[in-house]
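Below is one structure, written out as structure tokens; comments come after it.
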Amino acid sequence: MASGMRKGTRVVLALDVTDEQKAVAVAEAVKDLVAAIKINWPLVLATSPQIVTRLSRLAPVICDFKVADIPNTNRLIAEQVARLGASGLIVQRFPGRDSVRSCVEAEKGVEVFVVTEMSHPGGLEFTGPVADSLAKIAKEESAAGIIAPATRPERIRALRTIVGDLLILSPGVGAQGGSAAEAIRNGADLVIAGRSIYQSADPRGAAERLVEEVRRSLA
Ligand code: 3DU
């Protein structure tokens, strides 16, 4: 079983590439600079579920599968993610409190993160207005943390008052226009960055710059 995630450098790599060789090369290049590697459907569908196991030998892996089903199906997904060696699983709150709970209870070695307000413009349509309630259930159901938008740091600050000491992971830095330093200053524990690292000609250099930006924002 994979161990739980630690804050470390506070940078999570979003590895949304669809070429296995490139995915592993980027992961190898930055593995000591990231607290975790977040993978999403594009990489799993382009390769195989075993990519979770392969990457988990380099860094803790968070499966961003945005799980959103009935409790039994959610539990089955959490069990498979654990079997593959993942450390974290991202789930949706909207199917119901019981659906979130089934993931939290399924596998104690897999930390559950609940999506709140999404970082893209469309995130304001539905998730924005209900984000406080999404975050409240994450806290009540003992999730490990929430996902909150680096593109709207003031929302991270507001959501922090609801989730207390839960981890806040913030996507949206770099390619989506958010600032890592602002996200951290407003209460994010970790920032999630994808394209700004893996599309760089020098992924390690890009990751180093981000780690340094985060370190300075904490000083
Ligand atoms: O924009 P980037 O390339 O840095 O990637 C961001 C990642 O975070 C990507 O995997 C996306 O699916 C995920 N994510 C968001 O961008 C926004 C959210 O609200 C939740 C997850």
Side-chain angles (χ1 to χ4, degrees), residues 5 9-19 22-23 26-27 30 33-47 51-52 55 59-68 81 86 88-94 100 111-132 134-135 138 143-156 158-159 163 166-184 186-201 203 206-207 209-211 213-214:
M5 217 187 53
T9 59
R10 295 174 178 255
V11 171
V12 173
L13 168 67
L15 194 52
D16 296 325
V17 302
T18 52
D19 177 273
K22 164 138 182 166
V26 172
V30 306
L33 295 173
V34 297
I37 298 172
K38 184 183 81 65
I39 63 167
N40 203 327
W41 291 115
L43 178 59
V44 175
L45 294 173
T47 59
I51 192 73
V52 175
L55 293 172
V61 171
I62 300 172
C63 290
D64 184 0
F65 294 163
K66 297 195 176 68
V67 178
V81 155
L89 178 63
I90 296 179
V91 310
Q92 295 283 16
R93 179 272 181 263
F94 61 78
V100 173
E111 294 184 320
V112 169
F113 301 94
V114 177
V115 177
T116 63
E117 178 171 327
M118 294 192 74
S119 61
H120 63 313
L124 290 172
E125 294 169 11
F126 176 77
T127 59
V130 295
D132 291 6
L134 302 176
I146 60 166
I147 310 295
T151 46
R152 296 179 211 102
E154 73 285 359
R155 294 297 295 140
I156 300 175
L159 291 164
V163 300
L166 293 199
L167 287 175
I168 299 183
L169 277 56
S170 292
V173 310
Q176 295 180 50
S179 146
E182 280 300 302
I184 296 284
N186 281 277
D189 294 296
L190 298 106
V191 292
I192 298 172
R195 285 165 286 178
S196 58
I197 296 176
Y198 69 74
Q199 285 183 347
S200 164
R209 285 190 292 281
L210 197 53
V211 168
E213 180 185 343
V214 167

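Only a predicted model underlies this, so the values are computations on that prediction, with no experimental measurement involved. We count ligands from 1, going down the list as the structure has it; atoms in each ligand are counted the same way.
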Nearest-0.5 Å distance, CD1 of residue Ile51 to CD1 of residue Ile39: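 Ile51 atom CD1 to Ile39 atom CD1 measures 7.0 Å (nearest 0.5 Å).
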
Any chance you could measure Leu13, atom CG, to Ile192, atom CD1, to the nearest 0.5 Å?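 One finds 10.0 Å between CG of Leu13 and CD1 of Ile192.
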
Students often mix this up, so state it plainly: with edges at 30° and 60°, are the rings of Phe94 and Phe126 parallel, tilted or perpendicular?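 Judged by the thresholds at 30° and 60°, the geometry between Phe94 and Phe126 is perpendicular.
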
Tell me, which protein residue and heavy-atom name are nearest [atom], and how many Å apart are they?
atom	answer
atom 6 (C) of ligand 1	Gln176 NE2, 3.7 Å
atom 21 (C) of ligand 1	Lys66 NZ, 3.4 Å
atom 10 (O) of ligand 1	Asp16 OD2, 2.5 Å
atom 12 (O) of ligand 1	Asn40 ND2, 3.1 Å
atom 4 (O) of ligand 1	Gly194 N, 2.8 Å
atom 17 (C) of ligand 1	Ser119 OG, 2.9 Å
atom 18 (C) of ligand 1	Pro171 CG, 3.5 Å

Give the atom numbers and elements of ligand 1 that come within less than 4.0 Å of a heavy atom of [X].
X	answer
Arg195	1 (O), 2 (P), 3 (O), 4 (O)
Ala14	7 (C), 10 (O)
Ala193	4 (O)
Met118	18 (C), 19 (O), 20 (C)

Check each of Leu89, Val100, Val115 against Val67 using the side-chain contact (heavy atoms from CB on, under 4.5 Å) test, and report the only one that passes. Leu89

Scan Asp64, Asn40, Leu43 and name whichever one has a side-chain contact (heavy atoms from CB on, under 4.5 Å) with Asp16. Asn40

Tell me, do [X] and [Y] make a side-chain contact under 4.5 Å, heavy atoms counted?
X	Y	answer
Glu213	Ser179	yes
Leu33	Val11	no
Leu169	Ile62	yes

Contact (N/O only, under 3.5 Å) between Lys38 and ligand 1: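 Right, the criterion is met.
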
Counting only heavy atoms, which portion of Asp64 has something under 4.0 Å from ligand 1: side chain, backbone, both, or neither?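 Within the 4.0 Å criterion, Asp64 contacts ligand 1 through side-chain atoms alone.
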
Ligand 1-proximal atoms of His120, by part, heavy-atom distance under 4.0 Å: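 Under 4.0 Å from ligand 1, His120 contributes no heavy atoms.
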
Sequence neighbours excluded, which residues qualify as side chain to side chain donor-acceptor pair (under 3.5 Å) partners of Arg152? Glu117

